[in-house]
Amino acid sequence: MDCLKHNLYTAGIPQMNDINKSRIKLSQIRALVAIADWGNFSEAGSQLEISQSAVSHAIATLEAELGVVLLSRGRHGAHLTPVGERIAAHARQVLQLLDAMHKEANLAKGLQGGQVRIACFRSVATHILPTVIARFRQNYPNITINISEDETISSIEQCLREGYADIGFTYLPTSDEFEAWEILRDDYILLLPPTTQLQTPQISWKDLSNYPLIISSLNPCNTWARKCLPLSEYPLNIAYEIKEDSTIVSMVQQGLGAGILPRLAAEPIPPGVKLCNLPVPLTRVIGVAILADALHPPAVYAFLDAVRNTGRFAVKAAV
């Protein structure tokens, strides 16, 4: 027995009782797993982005520390010994646990800092997001919210595609490249000048034809016009196409015509301006979307939860 102990020390391999676990390094564990995966020192070094000699040194020092031979080396590469296979399995578990530690830490950091980038149109930014952000900040005060107001739905969705925004507010349905959830339904309404004498809450095609119409030059109201103009038995007079919702409301207030807008976009409606239902109903379905099959930080999903929990409340408050 004394002779065996002498031979082990002579070979540089200590006895099992002499193993110091604190001296085992992650670099040695990674080297062992890489050798197990790739079968030779050269490829293992390439995968770990270290030299072949560094891999060889890591394995040699690990063998010396454990007191066992982990690899059989030959002309055709390196192969795990039976005990090497068992220890390599434990080494994989160590690396998996290390990955889990990193994921937990990143999850915590993701909700304690960073930013969420949002692309939306004005009525969402004005009437929905303040309520959502207020609730979100109660739980995640250190996450920065960056809001970009875009004029068209196409530009909002392009921001998502190109990675300039994490979350976008759009109209549903949208394309399969996005994962989207419905937030609210917003009816289109007719705004009439203060001098209008309303007989009923819904206007007829004939009465509507008597007004110069003021609609948005952006896509939502043009969609209404394309759908509804052919349905009218009377020619409708589209007198103005205006980009800004607030300008349309002001023009109606000054008696320049009747405006067609989603209710949320028309808010706040000035005193005196009359509201009326359109001859045919039209609703825009507003949704929140992210790029499907993309990696998103935890803060994005936390903000989505805040949107889904407060969106409808925000609309009721605005209306």
Side-chain angles (χ1 to χ4, degrees), residues 114-133 135-136 143 145-189 215-231 241-245 248 260-267 278 280-319:
Q115 68 172 345
V116 176
R117 301 166 302 165
I118 301 168
C120 64
F121 43 94
R122 186 198 64 83
S123 53
V124 166
T126 302
H127 299 296
I128 297 177
L129 283 182
T131 303
V132 175
I133 293 173
R135 171 167 291 191
F136 182 76
I143 296 177
I145 307 297
N146 186 296
I147 301 173
S148 171
E149 291 188 38
D150 291 275
E151 294 180 348
T152 64
I153 295 302
S154 59
S155 63
I156 291 172
E157 294 184 348
Q158 192 62 24
C159 284
L160 293 175
R161 292 186 190 97
E162 296 180 355
Y164 294 119
D166 304 305
I167 296 173
F169 287 83
T170 186
Y171 298 129
L172 301 183
T174 187
S175 64
D176 292 339
E177 62 190 315
F178 302 111
E179 187 175 2
W181 299 267
E182 180 180 329
I183 299 302
L184 62 101
R185 293 175 177 251
D186 190 22
D187 293 332
Y188 282 78
I189 57 174
I215 68 171
S216 172
S217 60
L218 303 178
N219 54 358
C221 278
N222 283 336
T223 299
W224 183 91
R226 287 196 299 271
K227 287 182 177 180
C228 297
L229 285 179
L231 301 178
E241 293 190 28
I242 309 297
K243 184 171 68 174
E244 296 294 337
D245 300 334
I248 295 175
I260 300 172
L261 281 173
R263 178 180 288 271
L264 208 59
E267 296 285 343
L278 293 166
V280 293
L282 180 68
T283 300
R284 63 173 180 173
V285 182
I286 298 176
V288 60
I290 58 175
L291 195 62
D293 301 324
L295 295 176
H296 301 285
V300 168
Y301 293 106
F303 193 86
L304 288 174
D305 287 339
V307 172
R308 291 194 290 262
N309 290 335
T310 60
R312 296 182 186 279
F313 170 79
V315 173
K316 290 179 181 178
V319 175

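This is a predicted model, so every value here is computed, not measured. In this chain, numbering begins with 1 at the start of the sequence shown.
In this structure, Ile128 and Leu264 have side chains that are in contact, with non-hydrogen atoms separated by less than 4.5 Å. In this structure the side chain of Phe303 reaches within 4.5 angstrom of the side chain of Ile118, judged on heavy atoms. Side-chain contact check for Ile290 versus Trp181: some heavy-atom pair is nearer than 4.5 Å. Side-chain contact check for Val307 versus Ile167: every heavy-atom pair is 4.5 Å or farther apart.
With sequence neighbours left out, Ser148 forms a side chain to side chain contact (heavy atoms under 4.5 Å, CB included) with Asp150. Contacts of Phe178 classified as ring-ring contact (aromatic ring centres under 6.0 Å, His included), with partners at least two apart in sequence or in another chain: none. Applying the ring-ring contact (aromatic ring centres under 6.0 Å, His included) test to Phe121 and every residue at least two apart in sequence or in another chain returns Tyr171. Legend: residues meeting side chain to side chain contact (heavy atoms under 4.5 Å, CB included) with Arg122, ordered by chain and number and at least two apart, are Thr126, Glu149, Asp245, Ala265.
Taking every heavy atom of both residues into account, Thr174 and Ala180 meet most closely at CG2-CB, 4.1 Å. Nearest heavy atom pair, residue Leu160 against residue Gly168, reads CD2-N, 3.6 Å.
For the salt bridge (charged side-chain N to carboxylate O under 4.0 Å, His left out) condition, the pairs that include at least one residue of residues 155-165, sequence neighbours left out, are Glu157-Arg161, Arg161-Glu177. Annotation: salt bridge (charged side-chain N to carboxylate O under 4.0 Å, His left out) contacts involving residues 293-305, sequence neighbours excluded, comprise Asp305-Arg308. Sorted by first and then second residue, the salt bridge (charged side-chain N to carboxylate O under 4.0 Å, His left out) pairs with a member in residues 163-174 read Arg117-Asp166; sequence neighbours excluded.
Taking CG of Leu184 as the reference point, atom CD1 of Ile286 lies at 4.0 Å (rounded to 0.5 Å). Note that CD1 of Ile143 is 4.0 Å distant from CZ of Phe136, once rounded to the nearest 0.5 Å. To the nearest 0.5 angstrom, Ile189 atom CD1 is 8.5 Å from Leu278 atom CG. Of the inter-residue distances, the one linking Ile153 atom CD1 with Arg284 atom CZ reads 8.0 Å to the nearest 0.5 angstrom.
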Please assess Arg263 against Asp187 for the test salt bridge (Lys or Arg N to Asp or Glu O under 4.0 Å), listing each intermediate value before the final yes or no. CA-CA 6 Å; Arg263 178 180 288 271; Asp187 293 332; over 6 Å; no
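Surrounding OH of Tyr164 are at most 12 heavy atoms belonging to other residues, nucleotides or ligands under 6.0 Å away.
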